[in-house]
Amino acid sequence: MKRIIENIEPVLKRLKSFCEVVLGFKKNQAVLEAQRCPQCSHPKCIEGCPLGVDIPGFIRALREKNNLKALHRIREQNGLAGICGRLCSAPCEKACILNEEEGVDPINIKALERFSFDQGQSKIKQIFNAESANRNNRKVAVVGSGPTGLTAASILVEAGYEITIFEALHLPGGILRYGIPEFRLPEKALDIEIEYITSLGIEIKTNCLIGKTYTIFDLMDMGYEAVLLAIGASAPQMLDIPGAQLKGVHFAQEFLMRTNLAGEQQSLKTEMPDLFGKEIAVIGSGTMALDCARIAVRLDKQATIIHSQTEDDIEATGEECNHAKEEGVKLEVLTSPVEILSDENDCVKGIRCVRMDFVDKDGKGLWKVVPVKNSEFAVEADTVILADKGASNSLIIREMKDLKINKDGSIWIKKNEYMTSVDGVFAAGGVVNQSLNLIEALCQGKEAAQKIDLYLQKKNQNEEKNI
Amino acid sequence: MHKIVSKQIIGENLKRIEIVAPVICKKAQPGHFVMIAPDDKSARIALAIVEINLSKETITLIFKEDDSSTKKLGSLWIGDSVFALLGPLGRPSEIKEFGNVLCIGYETGVVSLLPICRALHKSSNKVISVLGAKTKRNLCLEPQIHLCSQEAYVMSEDGSIGKRGYISDSLEKIFSEQKIDRIYVAGPFSVIQDVLISVPERKVPKKILINPMTIDGFGICGCDLIKIKDRYASISVEGPELDADQIDFSFLKTKMKNSRK
């Protein structure tokens, strides 16, 4: 039996709105796909999942058409099932045993996870257990309500701590809220996940920037015995080519924030023409670049992605690349920007690029991508979006001089301990490693939460000894 | 939660509101700003904290109604609450006894200059202020500046108030009469540049105040990235007060000319 593919919104409909592109499984499709699972005795998919979700277990529940049970099974290990079911890079599918058989595709685990969430979440009623919450009578602060922070908070609250999440923006979700467009992660799905997290007994304080509104020391004075910094890595990095300051050059962060935080998506089409031009060139290679380009085509603009490597090197799933191409996004691969060209008013009028190619310089088989001589050409554009990887947000680091920082600006942590150079202050996610994908960030959040639990247990034992 | 407790119209399209902000007012210092959103549909805007009242636990903001967010904010009544208020943001101004300090502000730029002027005045500096505007109607907060300055000059381009001319025209006289130890300039980039070129004394430390054009207020969006010496920095993190001698002015010029609020 063939792998069942999720239903997709037709291209023409997609381009007219910000509606979700991947529609997920219908009930019968999910059951059929679940029935393909061989239910191995030594499931490789669990080993492949950084969070160790009981994949055969939840698929079994889906076979029995018990979606609620399936969702509970996922949430034992992963508090963000609806988000992972949409955005995960699915390393479990790469580990699936069916890959070893010729001509057989792995189980569509990601789609099944999403189906469990979409169908199961409406049936979940009250979860908050007042007895279990704060049974340790200890407070932990989580800074940042992105994927790492939410995961860590959900694990710590279940371990019996009183958790407060501090978020600088007015809505929780971090990068999931302002960095991922509606057509990949609908706001509603994120709201449901956050509602679930808060229903566990977690308090989320929005409009609260740690480092400014409160310092970490203030938090400690307020009785928080451990602080987890899960502030992500989204500070923009300037591309060091001439013309980067010109009119019409924007960062992907700005573009995504403006579109995602806009109150009404439909009003974007009327407001955006003043802000961004008609022909948008996106320099970058990750999902962020693809997202920007895909938003641009939805706003009736032409979008070109400029990427110095091959199409296979784009750090996004092949599915997303295909969706982008279907929607009319142009890909200029093996192309490197040299200069952003300006007109007489200091406005962007294009990008001077150079073609790249693979060269085996030493004849040792070490193929490298290098610029091709005399291959310069111009890409026409009136707006350039820089969608390079973000750096760690320096604000909190600047406010706390004792925090040890790595050369790349990320926060130093004790290996496998997640503790920073300051006692009781932990860090995980993008702020520690800037190249994490979603599932790795969730995994770090989970591990850091376990380390915080251990640290506080140890602290408790020491205190009891001293008494 | 953040209730408006008083509201005044203090000029043409210029409003002053006092908002309850118990946490922010304890930390706020001259030079700090806040990000404010009047409702969930409006964009967040950066506004300088003009006054802090610790006993009432309030902060005061002054703004010109020139876009949809500020118009919406201006339409709120006493007793209404704002949707979001984040702060205090940015770096506070360095305030100590410098000696003779020249504070220059053009039109609404005076709003961010006023708290600094007051703090400098309190710290026993001699504050010499120069306010400029196109015409009398555009001049902001003149009485307030007068109250915290030993000397105050007003320049208007059409001569409708004070002396006729540009701010830069008054500088030579001021510098000839006394030694100036520090300069603060607030206003649009063209005025800042014009003033800095006209300062006769090169070695005086010059500080410029730039309103951060930011969406988030803590350096994530990149809208307000500028070049300081050889590195890139965000105005909302390093500013709003910046050292004029360290800034890459050609970079800032293109950025300021083209930035959209």
Side-chain angles (χ1 to χ4, degrees), chain A residues 167-171 174-175 178-179 205-215 218 231-240 243-258 261-264 267 271 274-276 342 345-348 386 390-391 393-396 398-399, chain B residues 1-2 21-24 26-28 32-37 39-44 68-69 82-92 213-227 230-234 236-238 248 250-261:
Chain A
E167 167 59 44
L169 285 176
H170 54 281
L171 290 169
I175 189 138
Y178 69 81
K205 279 194 178 170
T206 52
N207 289 313
C208 200
L209 180 64
I210 300 303
K212 287 288 175 193
T213 316
Y214 299 112
T215 63
D218 290 338
I231 49 178
S234 33
Q237 278 183 312
M238 188 58 109
L239 188 72
D240 232 350
Q245 79 282 18
L246 292 172
K247 177 179 183 176
V249 180
H250 302 269
F251 284 101
Q253 285 88 339
E254 178 195 349
F255 189 70
L256 290 171
M257 267 188 174
R258 281 196 196 277
L261 295 180
E264 285 160 30
S267 66
E271 285 170 20
D274 311 332
L275 283 164
F276 303 100
S342 77
N345 297 321
D346 288 336
C347 296
V348 171
L386 309 177
N393 191 356
S394 64
L395 204 142
I396 208 164
R398 187 195 302 272
E399 297 297 321
Chain B
M1 199 176 76
H2 296 293
V23 182
I24 297 174
K26 279 180 199 123
K27 294 254 163 134
H32 273 142
F33 69 96
V34 289
M35 290 301 292
I36 187 167
D39 63 7
D40 60 342
K41 289 195 174 65
S42 304
R44 289 145 53 100
S68 62
S69 280
V82 293
F83 171 68
L85 186 67
L86 175 70
L89 300 167
R91 265 190 193 175
M213 293 75 46
T214 169
I215 308 172
D216 56 303
F218 42 93
I220 297 295
C221 65
C223 311
D224 57 351
L225 216 64
I226 55 161
K227 210 170 177 182
D230 288 332
R231 64 189 175 90
Y232 294 101
S234 165
S236 53
V237 177
E238 303 260 340
D248 183 332
S250 64
F251 191 98
L252 185 67
K253 189 180 168 186
T254 5
K255 190 95 189 175
M256 293 298 288
K257 197 165 75 179
N258 304 317
S259 60
R260 305 143 163 135
K261 200 168 180 181

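Just so we're on the same page: letters track the sequence lines, and every chain starts at 1.
Formation of a donor-acceptor pair under 3.5 Å by the B/T214 side chain with backbone atoms of B/D224 is not found in this model. Distance alone, capped at 3.5 Å, places no donor-acceptor pair between the B/R44 side chain and the B/A37 backbone. When atom types are taken as modelled, the side chain of A/T213 and the backbone of B/G87 share a donor-acceptor pair closer than 3.5 angstrom. A distance-only check finds no donor-acceptor pair linking the side chain of A/Q253 to the backbone of B/G222 [under 3.5 Å].
Only the backbone of B/L85 has a heavy atom closer than 4.5 Å to any heavy atom of chain A. With a threshold of 4.5 angstrom between heavy atoms, B/Y232 approaches chain A through side-chain atoms but not through N, CA, C or O. Only the side chain of A/Y178 comes within contact range of chain B, judged by heavy atoms closer than 4.5 Å.
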